[in-house]
Amino acid sequence: ETGVTQSPTHLIKTRGQQVTLRCSSQSGHNTVSWYQQALGQGPQFIFQYYREEENGRGNFPPRFSGLQFPNYSSELNVNALELDDSALYLCASSLEGFGGYTFGSGTRLTVV
Amino acid sequence: KQEVTQIPAALSVPEGENLVLNCSFTDSAIYNLQWFRQDPGKGLTSLLLIQSSQREQTSGRLNASLDKSSGRSTLYIAASQPGDSATYLCAAKKGNTPLVFGKGTRLSVIA
């Protein structure tokens with residue numbers, strides 16, 4: 001059983017640029033959620049995808065967008081990067097949005 | 001709106017000590033509660049998942065309890081080891097809403 005994999009592990013971007021983060025869900029899971037974790041804080045929910053549709057969104061602006069593909073992998077896109085977007089971005093997969101969540105190792109994004 | 005609080009924010013104990021981490025949540029109508037471990041700069045590793053119908057779950061030296069009526073969960077770690085040093089996060093789930101996390105307890109086990 002493969003776990004959740006995220007890529008890249010680290011990246012540095014300049015303010016105003018765009019970034020795409022990728023996530024492969026655990027085998028057998030069909031729901032992917034994205035979280036943003038600032039230093040010293042708990043993860044904050046960005047959005048969730050189920051069967052390629054967004055079915056939940058946290059308090060994040062529209063420049064945060066995503067996709068889910070037929071194989072349940074997912075992308076998080078952030079446009080017009082701001083310094084405050086610097087954080088650890090975590091992807092989690094689950095079955096139908098219920099049960100336990102399995103998290104990836106995260107992508108550390110630094111915006112300079 | 002669900003809020004999750006973890007106390008203490010940080011804890012330092014000598015190796016071998018038994019310890020308890022606390023998690024409280026404001027909305028008791030949860031579907032499940034999950035405890036995670038996070039090493040510095042890393043992702044989350046699931047430790048224990050307690051369904052709303054359960055009172056506790058055990059895995060090795062870890063035991064998590066759930067009291068929905070009082071809005072509390074505890075994570076008990078027996079015979080702590082330096083390798084247990086990490087941040088421990090609890091997260092509550094209600095229905096098809098997303099996980100709501102506490103800020104975590106940063107544990108240091110001193111050899």
Side-chain angles (χ1 to χ4, degrees), chain A residues 1 3-10 21 23-24 26 29-51 53-60 66 86-110, chain B residues 1-10 21-26 29-54 57 59 62 64 66 73 86-107:
Chain A
E1 177 179 277
V4 175
T5 57
Q6 292 187 242
S7 63
T9 55
H10 298 84
L21 310 182
C23 171
S24 296
Q26 178 172 305
H29 285 180
N30 56 12
T31 303
V32 173
S33 308
W34 287 90
Y35 289 79
Q36 181 195 65
Q37 187 179 25
L39 205 60
Q41 301 295 315
Q44 297 295 313
F45 174 69
I46 303 175
F47 45 57
Q48 176 173 288
Y49 278 83
Y50 171 65
R51 294 186 177 179
E53 297 282 336
E54 183 181 297
N55 74 339
R57 188 176 185 92
N59 188 26
F60 281 80
S86 296
L88 181 67
Y89 288 83
L90 296 163
C91 170
S93 71
S94 62
L95 181 59
E96 308 279 328
F98 293 90
Y101 280 52
T102 302
F103 280 79
S105 298
T107 294
R108 169 69 64 186
L109 172 65
T110 302
Chain B
K1 176 187 172 186
Q2 178 76 276
E3 292 183 3
V4 177
T5 303
Q6 291 188 246
I7 295 174
L21 307 181
N22 296 295
C23 170
S24 62
F25 44 94
T26 55
I30 61 171
Y31 182 76
N32 60 44
L33 187 134
Q34 198 165 357
W35 281 93
F36 296 90
R37 168 184 172 140
Q38 185 173 35
D39 293 298
K42 304 296 184 182
L44 306 183
T45 300
S46 180
L47 297 174
L48 290 164
L49 171 69
I50 312 177
Q51 302 292 348
S52 61
S53 58
Q54 298 174 321
Q57 282 285 341
S59 176
L62 305 180
L66 176 63
S73 177
T87 296
Y88 291 81
L89 294 151
C90 68
K93 183 160 176 61
K94 177 179 178 180
N96 196 25
T97 60
L99 288 177
V100 177
F101 284 86
K103 292 185 177 181
T105 294
R106 189 172 67 254
L107 173 65

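Values below: all heavy atoms of this structure, side chains included; hydrogens, waters and symmetry mates excluded. To find a chain, count down the sequence lines: A is the first, B the second, and so on, and within it residues start at 1.
Here the CG-OG distance, from B:L44 to A:S105, works out to 9.5 Å after rounding to the nearest 0.5 Å. Note that OG of A:S94 is 9.5 Å distant from CD of B:Q34, once rounded to the nearest 0.5 Å. In this structure, the separation between CG on B:L99 and CZ on A:F45 is 9.5 Å, given to the nearest 0.5 Å. The CZ atom of B:F101 sits 8.0 Å away from atom CG of A:L90, with the distance rounded to the nearest 0.5 Å.
Among B:S46, B:G41, B:P98, the residue making the largest number of heavy-atom pairs under 4.5 Å with chain A is B:P98. In terms of heavy-atom pairs under 4.5 Å with chain B, the best-connected choice from A:Y35, A:F47, A:F103 is A:F103.
At a 4.5 Å heavy-atom cutoff, B:Q6 makes no contact with chain A through either its backbone or its side chain. Heavy-atom distances place the side chain of A:Q37, and not its backbone, under 4.5 Å from chain B.
Scored by the ring pair (Phe, Tyr, Trp, His ring centres under 6.0 Å) test, B:F25 finds no partners at all (sequence neighbours excluded). For A:Y89, there are no ring pair (Phe, Tyr, Trp, His ring centres under 6.0 Å) partners, not counting sequence neighbours.
Heavy atoms of other residues, nucleotides or ligands lying less than 6.0 angstrom from CD of B:Q57 number more than 12. At most 12 heavy atoms of other shown residues, nucleotides or ligands fall within 6.0 angstrom of atom CZ in B:R106.
No donor-acceptor distance shorter than 3.5 angstrom exists from the side chain of A:Q41 to the backbone of B:K103, with no hydrogens or angles considered.
Nearest heavy-atom pair across B:L49 and A:G100 is CD2-N, 3.5 Å.
Proximity of B:Q38 to A:L88: side-chain heavy atoms (C-beta onward) are separated by under 4.5 Å at one or more points.
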